[in-house]
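Here is the structure we will look at.
Lettering of chains follows the sequences in order, A, B, ..., and the numbering in each one begins at 1. If you're wondering where the values come from, they're calculated on a predicted model, not measured in any experiment.
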Protein chains: 2
Amino acid sequence: MHGDNDAGQGSAGRGAAARLRIAVRSVADRVAAELRLQLAEGILLPGARLTESTIAEELGVSRNTVREAFAELASERLVVRHPNRGVFVASLVAGDIHDVYTVRRAIEVSAIRGGGTREAVAAVRAAVEEGKLAAAADDEEGLGSANQHFHGAIVALAGSPRLNAIMSQVLAEMRLFFHKATVDAHFYRGYLDDNEETHDPL
Amino acid sequence: MHGDNDAGQGSAGRGAAARLRIAVRSVADRVAAELRLQLAEGILLPGARLTESTIAEELGVSRNTVREAFAELASERLVVRHPNRGVFVASLVAGDIHDVYTVRRAIEVSAIRGGGTREAVAAVRAAVEEGKLAAAADDEEGLGSANQHFHGAIVALAGSPRLNAIMSQVLAEMRLFFHKATVDAHFYRGYLDDNEETHDPL
DNA sequence: GATCGAAGAATTGTTGAACAATTGGCAAAA
DNA sequence: TTTTGCCAATTGTTCAACAATTCTTCGATC
């Protein structure tokens, strides 16, 4: 009874699947993506609790699927699991932030050393321009976006899939941090100088 | 009926749980740990297929739990998921290996720059000694182990939890690679020199 | 009134069964 | 031989159940 399918529908279905193959991943992945988005947009604030059943209901998926999505996000450090208590949006303390910057610096310094293809270098310059424009227009949002592109481009210089992956996690953690309504400006300033030093060699 | 628990057993159970709290994690985590072990020991060879139901039966857990373990391992790149086809032990091609070394180098160079506490430096020296002893005794196994300790200690110099985490993943990937029965010795040699250069500054 | 502890409620961790969707192999047809 | 279509096996996902654990609330005791 369950191996029962008619040829007509089969071929039609295959066509649709092929068209979407690249875009459509598993449901768990899409749930993770949705949550990642809400995290980045500050809809879910650090420290907030994510209840399995609630999210399962909201997104119309099963608790089990939500669980898989949580595992994904936890491995990215965007949420933390407290055994038997639940998962919470990660809230970064000063030490964590310092640590994130340590990682970013390690990756970027190494990537810059490596040189990079002409296109990769061009991408960096483009991101810098993007940032200047946003800064001139006082566009907070755009500046943040340009910042992400800049750091992504820097790491892409190395042409290393793993470094890229690590960097995108780092950037995700930083987004989490920056959306925490008010950031201690002084604390942040210190790191800005650090950034400048990092990419000066270019 | 399901909220039914007697006080006596409750207190006894709590004692046992408290004793094991640190060691015993979730079942999914233990499954992942077991698989990680089999991966490191070369029981599961690169390219091998891991069937959910088989492993579930072997370890006496549910398929769903195995699934969670797979997610964990996949995020560590120890296995790869082919959608709708299954998970396979990751098999690293030349490019991957190069990439792993790129990451390792980036992390280690940065960690060495940072200096490190006296204890951390001592740990590095200890690992070097361990390696020398193993080499003198022609102890392949011990040499591999010493190598792991060495690189772990190097990164620990930075005192960064995130760098440590990244490094342990890198080491796990390397273990996967080294257990692939026969490794092209020449290819490997090239990287050995690289290692030497990396830690020479010490 | 404050503290402590014990039911009770809520939530997580795990299981087992079910079924749709997809894949790969194999046999029959062209 | 190549292609087509079916079958078997496996994955992806859901649902329902229950045990274990944590959180809450409510008295009882001091």
Practice task
Round to the nearest Å and state the distance from B/Leu50 atom CG to D/dT11 atom C1'.
Solution key: 14 Å
Practice task
Could you list all the ring-ring contact (aromatic ring centres under 6.0 Å, His included) pairs where at least one residue sits in residues 51-83 of chain A, not counting sequence neighbours?
Solution key: A/His82-A/Phe88
Practice task
Would you mind reading off the bend of the helix from C/dG1-D/dC30 to C/dA30-D/dT1 from its two end axes, five pairs each, to 10 degrees?
Solution key: 10°
Completion exercise
Residues in residues 54-77 of chain A with a heavy atom under 4.0 Å of DNA chain C, by number, are A/Arg63, A/Asn64, A/Arg67
Fill in the blank from the handout: Hits for side-chain hydrogen bond (donor to acceptor under 3.5 Å, both in side chains) against A/Gln148, two or more places apart or cross-chain, chain-then-number order -> A/Arg175
Practice task
Return the minimal non-hydrogen interatomic distance between B/Gly47 and B/Ser91, and the atom names on each side.
Solution key: N-CB, 4.1 Å
Exercise for the section: Find the distance between CG (B/Leu45) and CG (B/Leu176) and round it off to the nearest 0.5 Å. Expected result: 9.0 Å
Exercise for the section: Would you mind reading off the distance between A/Arg49 atom CZ and C/dA10 atom P, rounded to a whole angstrom? Expected result: 13 Å
Completion exercise
Tightest non-hydrogen contact, residues B/Leu171 and B/Gly152, listed as CD1-N, 4.3 Å
Problem - B/Gln169 vs B/Glu173, side-chain hydrogen bond (donor to acceptor under 3.5 Å, both in side chains): CA-CA, chis, key distance, verdict - result: CA-CA 6 Å; B/Gln169 281 189 209; B/Glu173 278 197 89; 5.7 Å; no
So which protein nitrogen or oxygen atoms get under 3.5 Å of nucleotides 24-26 of chain C's nitrogens or oxygens?
from: C/dG24; atom 1: OP1; to: B/Arg85; atom 2: NE; distance (Å): 2.7

Problem - Test side-chain hydrogen bond (donor to acceptor under 3.5 Å, both in side chains) applied to B/Glu57 - qualifying residues, sequence neighbours left out - result: none
Exercise for the section: Give the rounded distance in Å between these two atoms: NE2 of B/His82 and C1' of D/dT11. Expected result: 14 Å
Exercise for the section: Let me know the distance between CG of A/Asn84 and C1' of C/dT14, rounded to the nearest Å. Expected result: 11 Å
